[in-house]
Trainee: 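Below is one structure. I have some questions about it.
Positions are given from 1, in the same order as the sequence printed here.
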Amino acid sequence: TRDTLIYLAKRRGWIVEERDFSITELTQGIAEGQVTEAFGSGTAATLTSIQAFFYEGKWWELPPTSPVADTLLKDYRALIAGELPAPEGWITTL
């Protein structure tokens, strides 16, 4: 699921950066307005927006809208339905 979402983001021309980051970097980014959206992905959950989390006695909230996550989920569903081209090697004929 994660690889597919990265494929879909790149297909849209979005820059994808994979790297480790600290919780301090995340909370600072939220406080400064640089982090405006977060989501998790997995086989069962597909893609789920994160609207808030609790850390060191404080709730860290993100905006209620998730345009990137919403777009990726829409594209993911279209890919599964065969409405978008699948990545190389994604489908195997049996």
Side-chain angles (χ1 to χ4, degrees):
T1 302
R2 178 183 155 281
D3 286 344
T4 303
L5 293 171
I6 290 170
Y7 160 79
L8 291 168
K10 288 179 177 180
R11 185 178 181 279
R12 285 190 163 273
W14 296 347
I15 296 169
V16 176
E17 179 183 349
E18 296 179 77
R19 65 177 179 83
D20 292 336
F21 60 91
S22 69
I23 189 72
T24 302
E25 183 181 359
L26 177 61
T27 55
Q28 183 177 355
I30 293 170
E32 294 173 356
Q34 295 174 335
V35 175
T36 58
E37 187 172 345
F39 59 84
S41 67
T43 303
T46 311
L47 187 148
T48 302
S49 293
I50 298 168
Q51 295 190 350
F53 62 93
F54 193 76
Y55 175 69
E56 290 193 342
K58 178 180 177 180
W59 278 103
W60 294 88
E61 296 186 27
L62 292 154
T65 58
S66 302
V68 172
D70 291 347
T71 299
L72 286 175
L73 184 56
K74 179 183 168 193
D75 287 354
Y76 183 86
R77 289 178 176 155
L79 180 66
I80 298 300
E83 299 164 3
L84 289 177
E88 177 91 20
W90 199 68
I91 297 174
T92 302
T93 304
L94 301 176

Trainee: Can you give each donor-acceptor pair under 3.5 Å made by side-chain atoms of residues 71-78, sequence neighbours left out, with the distance rounded to 0.1 Å?
Mentor:
from	atom 1	to	atom 2	distance (Å)
Thr71	OG1	Pro67	O	2.8
Asp75	OD1	Arg12	NH2	3.2
Asp75	OD2	Arg12	NE	2.6
Asp75	OD2	Arg12	NH2	3.4

Trainee: Using the test side chain to side chain donor-acceptor pair (under 3.5 Å), find all partners of Trp90 that sit at least two apart in sequence or belong to another chain.
Mentor: Thr4
Trainee: Check whether any side-chain heavy atom of Pro87 sits under 4.5 Å from a side-chain heavy atom of Arg11, and report yes or no.
Mentor: no
Trainee: Which residues pass the ring-ring contact (aromatic ring centres under 6.0 Å, His included) test with Phe21, sequence neighbours left out?
Mentor: none
Trainee: When clusters are formed from ILVMFWY side-chain contacts under 4.5 Å, directly or step by step, what else is grouped with Ile6?
Mentor: Val16
Trainee: Run the side-chain donor-acceptor check on residues 39-61: report pairs under 3.5 Å with partners two or more places apart or on a different chain.
Mentor:
from	atom 1	to	atom 2	distance (Å)
Ser49	OG	Ser66	OG	3.1
Gln51	NE2	Pro64	O	3.3

Trainee: Is the number of heavy atoms from other residues, nucleotides or ligands under 6.0 Å of Glu83 CD greater than 12?
Mentor: yes
Trainee: Please list every donor-acceptor pair under 3.5 Å in which a side-chain atom of residues 29-37 meets a protein atom from a residue at least two apart or in another chain.
Mentor:
from	atom 1	to	atom 2	distance (Å)
Glu32	OE2	Gln28	NE2	3.0
Glu37	OE1	Val68	N	3.2
Glu37	OE2	Val68	N	3.1
Glu37	OE2	Ala69	N	2.5

